[in-house]
Amino acid sequence: MVESIPKIADIIYATLIKETQVALDSQEFSVPFKKRSKEDRILIKKEILAQLKQYSEEVAEKIKGEKPWNGNTGEIASRLKEIIQRCMDGN
Amino acid sequence: MGSQGRPSIKSGTRSSVKTGVSLQPDDVTDVRKALKSKPASEAGAILASYLIKGTGVDLLVAVCQTAVYVIEKLKRYDELVQKYGEEEAQRRISIEIGVEVVKKLTTDFLVQYAAGQIIKDDNLPPQIKDRVQEITEDVLTMGIEKIEQQFLEE
């Protein structure tokens, strides 16, 4: 069942994508994000996707062999915010 | 044994689903024309609009997905016949369909297995389990590429 790890990463990745969209629609990010041009917004989102992909693989590796997803949602939420902020700042 | 009771697009008499308005001969002609001349997705949509008259909605989704797949494969088969002749085209289309079906089944199984790994933790709050289930269904039905695309377009 070697391939199950990438699939866990896919589910985590999909979850992070959906949560990021919620964050981008929230008060904190929606105003600065919508001020950007359409091209800028797509570039930012592409960069976010690249970082989320990497992060989801990290998380999938972390839960490999451990009790799955043991609930540190706070850490995931703050990492998400950090990724969004960094991509919006262009770092 | 005659044709009595045979499922038919024309009569809309599939007994296992609730039936709606019967399709008329002109409808069938329209569908045939669409299947011949339109791109697969458009032909699928036209077929769907007629099928909705004759079948229950639950079945409709599955029927349409299958119909679009079959139309795409028929068009692909035509291309292969032009290129390689009938015998080789049949061989190639069988392999293509086989590979796609096996790939889909394997992916479905692995995604479900992976979701099971994530949500089997008893300490996980029910709302997170529900969310993982929901997202797993999206991964299964849409595929990760479409989820990415949707995110870029929103």
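So that the names make sense, note that chain A is the first sequence line, chain B the second, and so on, each numbered from 1. Source: prediction; values computed, not measured.
By the neighbour-count criterion of 12 heavy atoms within 6.0 Å, atom NZ of A:Lys81 is sparsely surrounded, having that number or fewer from other residues, nucleotides or ligands.
Listed by first and then second residue, the side-chain hydrogen bond (donor to acceptor under 3.5 Å, both in side chains) pairs that reach into residues 142-154 of chain B are A:Tyr13-B:Glu148, B:Gln149-B:Glu153, sequence neighbours excluded. Annotation: side-chain hydrogen bond (donor to acceptor under 3.5 Å, both in side chains) contacts involving residues 34-45 of chain A, sequence neighbours excluded, comprise A:Gln21-A:Lys45.
Summarising the geometry, atom NZ belonging to A:Lys18 is positioned 5.5 Å from atom CD1 belonging to B:Ile147; distances are rounded to the nearest 0.5 Å.
Hydrophobic clustering keeps A:Ile48 apart from A:Leu43 (ILVMFWY residues linked when any side-chain heavy atoms are closer than 4.5 Å, directly or through intermediates).
Listed here is the closest heavy atom pair of A:Asp10 and B:Ile144: O-CD1, 3.4 Å. A:Ile42 and B:Leu152 make their closest contact through O-CD2, 4.2 Å (heavy atoms, listed as atom of the first residue, atom of the second, distance).
Contacts between A:Ile44 and chain B at a heavy-atom distance below 4.5 Å are absent for every atom of the residue.
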